[in-house]
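Take a look at the structure below.
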Amino acid sequence: WFATGSIFQNIIFAVPGFVDAMGKRKTKKVSNRKFSRLLRVAFFPLFLLILFFIIYSSANSVFSSMSSRLLTRIENFFGNFFDFFSWYRLLFFLLGLFITTFLLLRSKLNYFSEKEKSYSNELLRVRKSSSQSAKDFLHDLITGILGKFANGMMALKNINTIGFISLLLLNVLLIIVNSIDISYIWFGFNAKEVNLYEIIHEGTELLIVSIVMAMMVLLIFFKGNLNFYQKNKWIKRAAYLWIIQNMILVISVFLRDYHYINQTGLAYKRIGVLFYLVLVLIGLITVFWKIFKRKSTYYLMRVNAWAVIILLILSSTVNWDEQIANYNLNHQNEIVMPVDFMVTLSGKALPLLDNHKEDLKKHQSIIKEKGQWKYNCDDCFLEILEGNINQYREDNKNYSWLSWNRADAFISNYFNTKNNNSK
């Protein structure tokens, strides 16, 4: 989070920082006196050169012709300079220079790095008098709800009691929800008896929100000195049970998504749900570790931010469009393939789709029989696919060797080979 702030700070101050850095380059300084001497020395030779150039041009017709051609070329060069000069390449260069500057050139301002130094991974006990109030949002929230019970000598005992009762009631409620999910989703699942669309698009979102809110509840109660309260054993046990139950809830959400994929195939959002669940699971584990090892909220923010970054980097190494097309085509006998979605996949999936046009037609007929086909024509999805293929090939014709990459080369080679064979 602090690094993000630093990056935005670097972006804002990139240009003045670059100018300042260039101004401080250790170059050999030329004094005004030396520069003046250089002009004086060069003036007379240049004057003589120009004078005799004019004389020789007037006296010698061949030399005059040569000099005229030379001057004409120089004039044409400066006259046509902007004809071969690319403004787009200049703007591209300036953009690259700007990005490189704010990534590599450190700003003089170190507000965010200094701010981060004031935080610690370990939670420290802060001793306060009964009249001293904490200046943070969570304490103000608890104080606003509990009133005088959140202050004074008995504050920790009162918060501990209220926290334990709250977590106990929430655990009972979640036990009921988990029992229902285990009965119907884990072991007794029957796709014909449930509305798959409803349980994945409505239930999943709410359950993920509930898990995130559960972590926030734990952060509210385990904020500050309650972690060091000697009689917090039972509230900790209730918190651990709450975390375990939310992990069970994560498994239930995963199974909902799994059953939905088994019935309808892979798609972007269904994969996205899996990523959300991984992050939620990491969040629950880190919350458990925070309570168990008395870690700070800063620790949670730092570790979970790293988890997001690592997951995004790993996910960028997978060709998802190709994986989606490959999975759905390999499981076409077990699912009702979403033909209308498949033809919208990017260029990297086009060879697979082109090879399985007949399979797409077959599933289009199945969808139409069920009354779920959204187009007014039968084979217009093939027109969409052909249009995507033609557009992809046209785009690749405009690329030079600078844009070469293995995936595009494979796809272009596939369609070129196909065209040559058809001829």
Side-chain angles (χ1 to χ4, degrees), residues 1-12 14 92 95-107 110 112-113 115-117 119 121 204-205 207-209 211-212 215-216 219 243 246-247 250-251 253-254 257-258 260-261 265-290 293 295-328 341 344-352 392 395 399 402-411:
W1 304 103
F2 291 102
T4 302
S6 295
I7 277 290
F8 281 110
Q9 177 182 280
N10 280 2
I11 292 173
I12 294 170
F92 179 78
L95 176 63
L97 184 63
F98 176 72
I99 293 172
T100 306
T101 300
F102 77 71
L103 286 177
L104 300 182
L105 191 64
R106 184 177 177 180
S107 173
N110 56 355
F112 291 100
S113 57
K115 194 75 175 173
E116 188 174 14
K117 287 180 183 178
Y119 291 90
N121 288 323
T204 300
E205 293 175 1
L207 290 177
I208 291 177
V209 170
I211 296 168
V212 175
M215 290 188 277
M216 292 176 64
L219 290 181
I243 291 171
N246 275 281
M247 288 182 177
V250 168
I251 297 173
V253 175
F254 167 77
D257 198 35
Y258 171 77
Y260 194 53
I261 291 171
L266 269 182
Y268 296 132
K269 289 183 180 179
R270 295 159 207 175
I271 296 172
V273 169
L274 299 178
F275 281 109
Y276 283 125
L277 292 179
V278 171
L279 291 175
V280 167
L281 190 60
I282 293 171
L284 287 170
I285 293 170
T286 52
V287 168
F288 170 83
W289 195 249
K290 175 214 174 337
K293 287 292 184 179
K295 297 290 183 179
S296 63
T297 305
Y298 164 75
Y299 164 82
L300 278 182
M301 301 293 287
R302 184 178 63 82
V303 172
N304 283 280
W306 272 110
V308 172
I309 291 170
I310 292 170
L311 191 64
L312 286 175
I313 292 171
L314 291 176
S315 66
S316 68
T317 63
V318 179
N319 183 351
W320 292 109
D321 287 67
E322 186 180 16
Q323 292 298 323
I324 289 171
N326 193 45
Y327 177 89
N328 290 344
F341 165 71
T344 64
L345 294 173
S346 72
K348 296 177 179 62
L350 291 177
L352 272 172
Y392 182 85
D395 291 341
Y399 297 150
L402 295 170
S403 301
W404 187 93
N405 63 81
R406 184 175 175 274
D408 284 337
F410 171 79
I411 298 167

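Positions are given from 1 along the sequence.
Partners of F288 under the ring-ring contact (aromatic ring centres under 6.0 Å, His included) rule, at least two apart in sequence or in another chain, are Y240, F292. With sequence neighbours left out, the ring-ring contact (aromatic ring centres under 6.0 Å, His included) criterion links W320 to F275.
Going from atom NZ of K293 over to atom OG1 of T286 covers 15.5 Å, rounded to the nearest 0.5 Å. Between atom CG of residue L279 and atom OH of residue Y276 there is a gap of 9.0 Å, rounded to the nearest 0.5 Å. One finds the CG atom of L97 at 12.0 Å from the CZ atom of F92 (value rounded to the nearest 0.5 Å). Remark: I310 CD1 to S315 OG distance equals 12.0 Å, nearest 0.5 Å.
D257 places no side-chain N or O within donor-acceptor distance of the main-chain N or O of V273, the cut-off being under 3.5 Å. N326 contributes no side-chain N or O that, together with a main-chain N or O of E322, makes up a donor-acceptor pair within less than 3.5 Å.
Side chains of I282 and N304 form a contact here, defined as non-hydrogen atoms less than 4.5 Å apart. A heavy-atom distance below 4.5 Å is not found between the side chains of Y258 and L274. Between I324 and Y268, the closest side-chain pair of non-hydrogen atoms falls below 4.5 Å. Residues I261 and Y327 have side chains in contact (heavy-atom distance under 4.5 Å, counting atoms from C-beta outward).
The two atoms that bring T100 and G96 nearest to each other are OG1-O, 2.7 Å, heavy atoms only. Listed here is the closest heavy atom pair of T297 and K290: OG1-CE, 4.4 Å. Here the closest non-hydrogen pair linking L352 and A325 is CD1-CB, 4.2 Å. Nearest heavy-atom pair across A407 and K348 is CB-CE, 4.2 Å. When all heavy atoms of S346 and D321 are compared, the closest pair comes out as N-OD2, 2.8 Å. Y299 approaches K295 most closely through the heavy-atom pair CD2-CB, 3.5 Å.
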Full working for side-chain contact (heavy atoms from CB on, under 4.5 Å) between L300 and W289 = CA-CA 9 Å; L300 278 182; W289 195 249; over 6 Å; no

